[in-house]
Amino acid sequence: MPVFPLNNQTRQQLVQQLETEIGSRDPLPFLRQRVFKDYENFNTKILPQPGLPSESYYSALIRNFELSAWSARPPLLVALLKAFPQLPHYQNAINIILNEGPFQCHPQNHPYWVCRVATELPLVGREYTRGTAMAFDLSLTSGGNQGKRVLRVFGPPGSGKTHTLNFFKYLENVQPLMLGVVEIDFKDKEISTQAASDGTYIESFLAEQMEAQVRRRRAELQTAPPPGGVFPDLLDILNATTPAHRFRSLTDLQQRVRWAKELANEFVDDVIYTLNPQPSWWVVVFDNCELAPPESHEFVRRLVERAAGVTSDTASVSSADAGQLRFVLLGESRDLLPANFYKGHVYEEDLNNQKLDVAEVQRYFITFRECRGIDLDSARIIELTNETLARANEIMQQPPLPPQGTPPPQTPTPPAWSRALATAIIEKTLPLDALSAQKKGEA
């Protein structure tokens, strides 16, 4: 049974098994009791949208399990397979996942050249994002170049902005002692609604959400790693978790701007900049910045200011160089930038201007070859590149189907080029993945 990526036959088997096990009942009780019981609050990130037909729901669910291989330890796919103890042939797949994990998607000792940041998310091009990530890990300068502490990525829908988040998540999982990732997605409507229902100011809600992620990550790192093939002791992780930090409250609405700055400094000084050396630095990623509630802007600006420094304040620039905080802003983020931040620590990547052509696709297949350890000579790489570009152009001529139950638009919108190219790359690399899996099994 191939493990990563799953083949279509295995996916269909799992769909059928879920349909047989659950039948016409609500799937949530089964999933929460048998799959998500050891993954607190993780189900909300994995469960598909309700209301789908059962086969579509389970297909989407299994795809989400595959994508989680880089964000949950052990992979949630293990928990799914363990939900069917009556099927002993899954045990071999479980052992493979626990002992070997998913495919390594970067060449040995070159993690920034990751070729795939999730099962179906190839990372093509994006040299500036890769280079900034490397600069995040360096001290003040490298080769005479100014170090970077803040990355802004912006561009049209479908251009790959969120790939940036998945890239840093991948780095977090393959180098857990080096960096930790904290993420806030302003597209999540619960940010405002939950804060309002709790009677909490949005700035406090964001600070608490970020602090909880930092605390949980450090607890995982402080727990002794289990021997190969064994689940970690969840009670050890729970016992290693320190009490939540209690942020100061707003007591005077007239002082809200000043309080937002104090809250940002409190998060940096008392949560990020601690004596705990692991991980070495933190990447805070704010996604869909154009949707950030206006009340949160000042808080975000002050966090960016702490990561970048202030132009007129040399001490703040030096502090940013020596500190553990890095910042990534995805989407239109001009309103979240402080007026006087130190631009020498900031890099901007405009995906409106990214080139995804012959050179970038060839480089992708070269990286893929190094990751998978398979033989692809120059002629074959050129052939794959040409076939991939031709297939991507075909996809561009086939607008995506509208969501189920909605009428097709009068003028169908073709997919973004980056999305079409990613789909074509996955199609071309599936047989190569199978070859790599075969070689791995023979070894």
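- In this structure the side chain of Phe286 reaches within 4.5 angstrom of the side chain of Val300, judged on heavy atoms.
- Remark: Phe247 CZ is packed, more than 12 non-hydrogen atoms of other residues, nucleotides or ligands lying under 6.0 Å away.
- With hydrogens and angles ignored, the 3.5 Å screen pairs a side-chain donor or acceptor of Lys161 with a backbone N or O of Gly155.
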Kindly indicate, with the supporting measurements, whether the criterion side-chain contact (heavy atoms from CB on, under 4.5 Å) is fulfilled by Trp113 and Arg363. CA-CA 10 Å; Trp113 280 108; Arg363 191 176 300 119; 3.6 Å; yes
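- Counting heavy atoms from C-beta outward, Leu61 and Leu80 have side chains that stay 4.5 Å or more apart.
- In this structure, Leu253 and Leu250 approach most closely via the heavy-atom pair CD2-CD2, 3.8 Å.
- For the pair Arg217 and Trp282, the minimum side-chain heavy-atom distance is below 4.5 Å.
- A salt bridge links Glu211 with Arg215; the closest basic N to acidic carboxylate O contact falls under 4.0 Å.
- Minimum interatomic distance between Val181 and Gln213 (heavy atoms only, all atoms of both residues): O-OE1, 4.1 Å.
- In this structure, CZ on Phe327 lies 15.0 Å from CZ on Arg149, to the nearest 0.5 angstrom.
- Atom NZ of Lys37 sits about 13.0 Å away from atom CG of Leu31, to the nearest 0.5 Å.
- The pair Arg256-Glu295 fails the salt-bridge criterion, with no side-chain N (NZ, NE, NH1 or NH2) lying under 4.0 Å from an Asp/Glu carboxylate O.
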What's the verdict on side-chain contact (heavy atoms from CB on, under 4.5 Å) for Arg306 and Asn265, showing C-alpha distance, side-chain angles and the deciding distance? CA-CA 8 Å; Arg306 285 299 304 267; Asn265 288 334; 3.0 Å; yes
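- Between the side chains of Asp287 and Thr162, a donor-acceptor pair is found at a separation under 3.5 Å.
- Across every non-hydrogen atom of Phe299 and Ala260, the tightest pair is CD1-O, 3.7 Å.
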I'd like to know whether Leu421 forms a side-chain contact (heavy atoms from CB on, under 4.5 Å) with Val361, so could you lay out the CA-CA distance, the side-chain angles of the two residues, the decisive distance to 0.1 Å, and finally the verdict. CA-CA 9 Å; Leu421 188 61; Val361 178; 4.0 Å; yes
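- Contact annotation: the side chain of Arg126 never approaches that of Glu360 to less than 4.5 Å [non-hydrogen atoms, C-beta and beyond].
- Remark: Arg34 CZ is packed, more than 12 non-hydrogen atoms of other residues, nucleotides or ligands lying under 6.0 Å away.
- Arg302 has a carboxylate O that lies under 4.0 Å from a charged side-chain N of Glu305, or vice versa, which qualifies the two as a salt bridge.
- Aromatic ring pairs are classed by plane angle as parallel below 30°, tilted from 30° to 60° and perpendicular above 60°; the pair Tyr128 and Tyr347 is parallel.
- In this structure, CD in Glu172 is found 11.5 Å from CG in Asn166, a value given to the nearest 0.5 Å.
- Ionic pairing of Glu127 and Arg130 is not present here: no N-O contact between side-chain nitrogen and carboxylate oxygen is shorter than 4.0 angstrom.
- Phe341 is not listed as a side-chain neighbour of Val150, based on a closest heavy-atom distance of 4.5 Å or more.
- Judged purely by atom type and a 3.5 angstrom limit, Thr388 has no side-chain atom pairing as donor or acceptor with the backbone of Ile425.
- Smallest separation of non-hydrogen atoms from Leu303 and Met210: CD1-CE, 3.9 Å.
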Full working for salt bridge (charged side-chain N to carboxylate O under 4.0 Å, His left out) between Arg301 and Glu298: CA-CA 5 Å; Arg301 290 188 194 110; Glu298 185 65 20; 3.0 Å; yes
For side-chain hydrogen bond (donor to acceptor under 3.5 Å, both in side chains), just list the numbers for Thr132 and Arg326, CA-CA rounded to whole Å, side-chain angles, deciding distance to a tenth of an Å, and then say yes or no. CA-CA 10 Å; Thr132 303; Arg326 314 288 186 263; over 6 Å; no
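- For the pair Arg116 and Phe368, the minimum side-chain heavy-atom distance is below 4.5 Å.
- A heavy-atom distance below 4.5 Å is not found between the side chains of Pro27 and Leu18.
- Minimum heavy-atom separation, Phe365 to Leu376: O-CD1, 4.2 Å.
- Taking CH2 of Trp417 as the start and CG of Leu389 as the end, the distance is 5.5 Å to the nearest 0.5 Å.
- Here Ser418 contributes atom OG and Leu123 contributes atom CG; the two are 11.0 Å apart, rounded to the nearest 0.5 Å.
- No donor-acceptor contact under 3.5 angstrom links the side chains of His110 and Glu370, judged on distance only.
- Counting only N and O atoms by type, the side chains of Thr129 and Glu349 include a donor and acceptor under 3.5 Å apart.
- In this structure, Asp313 contributes its side chain and Ala315 its backbone to a donor-acceptor pair below 3.5 Å.
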Start with the C-alpha distance between Ile62 and Val15, add both sets of side-chain angles, then the distance that settles side-chain contact (heavy atoms from CB on, under 4.5 Å), and finish with yes or no. CA-CA 8 Å; Ile62 290 164; Val15 169; 3.6 Å; yes
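- In this structure, Val283 and Leu171 have side chains that are not in contact, with every pair of non-hydrogen atoms separated by 4.5 Å or more.
- The shortest non-hydrogen separation linking Ala420 to Ala392 is CB-O, 3.8 Å.
- To the nearest 0.5 Å, atom CG of residue Asp270 and atom CZ of residue Arg246 are 14.0 Å apart.
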